[in-house]
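Notes to accompany the following structure.
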Amino acid sequence: MTTISVDTLRAWLDEQQPVTILDVRLQQDAAEWCIPGSIHVDAYEALKAHDPAALSGVELPTDQPVVTVCGVGRTSQIAAEQLQARGVQALSLEGGMQAWSLAWNTAEVPLDDRSARVIQVRRTGKGCLSYLIGAGEEAFVIDASLDPRVYLDLARSLGWQITSVFDTHIHADHLSRSRQLAERCGAMLFLPDQHRVSFPFTTIRDGDTLTTPHLMLTALRTPGHTPESTCYLLNHALLLTGDTLFPSSIGRPDLHATEEQARERAGALYHSLHKLLALPAETLVLSGHTSTPVPFDGVPLASTLGEIDEQVGLLHATRATFVQMTLARIPPTPPNSQRIVKFNEAGVLPESDLTGLEAGANRCAIS
Ligand SMILES: [Fe+2]
């Protein structure tokens, strides 16, 4: 065996199996996104030139496998072969970082109320965070970004049936899997009120509340990142913010917008964020993305509203300053965002090259 699949490496990391991950991409690519715990070696050009000394200076453990990683799994194969010739137990990651985009791990969010459980499903290869929320025999999913079987298997293992699926907004940086998930398990599909998507869904409006014996989910319309962006307050304790508010930043208002629309959205975002800040400071915020690879550590990514209020200086600006500073700090547009929006508005997934379309780090936040 000279290669390893994403699923196997994901399982090894999840089980804390000893493995060394050697990233052989160019420095700038490794700096943008990587596998948590990987070691980078600047050998890409030498490997591509088949220089037999490309990895000669790299010291590696001999008592555990070494997984070599590149962009799509070709240069890493050369690296693995060179290491094998040295007696190292080396495997090349099939499909490289592009395939790793679909890797995920989970962390449970601790709750005072033990009647409900919240599992943060982290797509570590891309930075998307989704949520499986269960109580009794029922579960909700928010912002599904992975294959439906991931959520179905997790729910089954916890004794839950997924009955409701929600998106916080029409995403521009990844393909939503919510429609496919809802269809697979016969769940209701809830989307914020808008006229963008062309498939059937159940509309959720500001203040709408969905209740089960142990779960109460209330929608809070928070336009800004997109016009329809909506946060969900769970059991008065957790706030699922999508791309509106992050632990140390705020959502960008410019995707799929003209310059003037981005200015209007930035103003709307200011009011939305202050609406959220009116909730109790101990409310735990669970956002829809993270801008760094998520370790396999089981530690949820979450902050209280109070902590975020202290951390994010923009929240203390006047409206005019907020709008001006937000627009001045907009990061580069994520690759393929226009095409991703089109797929999400149509509710379909591309028939091929799904990870190629989603390639690139998340750039949803302004800090
Ligand atoms: Fe977004």
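In listed order, ligands and their atoms are each counted from 1.
Ring geometry for Phe199 against Phe201 counts as perpendicular: the plane angle is over 60°, on a 0 to 90° scale with 30° as the lower cut.
Counting only protein N, O or S atoms closer than 2.8 Å to the Fe ion (ligand 1) gives 3.
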Intermediate values then yes/no, side chain to side chain donor-acceptor pair (under 3.5 Å), Ser5 and Glu94: CA-CA 5 Å; Ser5 70; Glu94 289 166 20; 5.1 Å; no
Derivation of the salt bridge (Lys or Arg N to Asp or Glu O under 4.0 Å) call for Lys275 and Asp206: CA-CA 12 Å; Lys275 173 175 165 176; Asp206 188 42; 3.2 Å; yes
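For Arg221, the CZ atom sits in a packed shell: over 12 heavy atoms of surrounding residues, nucleotides or ligands are nearer than 6.0 Å. Remark: Arg74 CZ is loosely packed, at most 12 non-hydrogen atoms of other residues, nucleotides or ligands lying under 6.0 Å away.
Residues satisfying the side-chain contact (heavy atoms from CB on, under 4.5 Å) criterion with Lys48, sequence neighbours excluded, are Tyr44, Thr75.
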